[in-house]
Amino acid sequence: MATAEQIKAARALLRMEQDELARRAGVSVTTVRRLEASGDYPVAEETASGVQAALEEAGVEFIHDGVRLKPAHDADALFAKLYAIAETSAKALRRRQPLTDADLYGDDGLPA
């Protein structure tokens, strides 16, 4: 289970307010405050795990005695996905006639 310091640090790394974390985790702001209060207030382990999961989904990793932002996606894999999307779009557009000025503008010269 994450410590109070880790939860605060994770929020700081993500620049996330307590109310945003509460909304994402499906808990109250009071619960988030309790989790960040250095263990002074008891919180159910299931609730704490849900808050930690929300922070992990937002982009942090909990490591031994700390947190860090998750590494950025592999640039080559991201490029491959974007290229595949572009190819699919290009194939779909090949079957269509190109738009002309007549398609885009009315007789008065204003957009149709």
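Position 1 is the first residue of the sequence; numbering continues from there.
Expressed to the nearest 0.5 Å, how far CD of Gln52 lies from CD of Glu45 amounts to 10.0 Å. For the atom pair Thr30 OG1 and Leu35 CG, the distance stands at 11.0 Å (nearest 0.5 Å). Between the CD atom in Gln97 and the OG1 atom in Thr100 there is a gap of 10.0 Å [rounded to 0.5 Å]. How far CG of Leu110 is from CG of Leu104: 13.0 Å, rounded to the nearest 0.5 Å.
The nearest pair of heavy atoms linking Ala54 to Leu21 is CB-CD1, 4.2 Å. Pairing each heavy atom of Pro98 with each of Asp103, the nearest pair is O-OD2, 4.1 Å. Residues Ala37 and Ala4 share a closest heavy-atom pair of N-CB, 4.3 Å. Across all non-hydrogen atoms, the minimal contact from Phe62 to Ala2 is CE2-CB, 3.5 Å.
Atom CG of Asp108 has more than 12 neighbouring heavy atoms from other residues, nucleotides or ligands inside a 6.0 Å radius. Other residues, nucleotides and ligands contribute over 12 non-hydrogen atoms within 6.0 Å of the CD atom of Glu5. By the neighbour-count criterion of 12 heavy atoms within 6.0 Å, atom NZ of Lys70 is densely surrounded, having more than that number from other residues, nucleotides or ligands.
Residues Pro71 and Glu61 form a side-chain contact, since some pair of their non-hydrogen atoms from C-beta on lies under 4.5 Å apart.
No continuous path of hydrophobic side-chain contacts links Ile7 to Val29 [ILVMFWY only; heavy atoms under 4.5 Å]. The hydrophobic clustering, which links ILVMFWY residues whose side-chain heavy atoms are closer than 4.5 Å, places Leu78 and Tyr83 apart.
Exactly one of Gln6, Glu36, Glu20 qualifies for a side chain to side chain contact (heavy atoms under 4.5 Å, CB included) with Arg11. That residue is Glu36.
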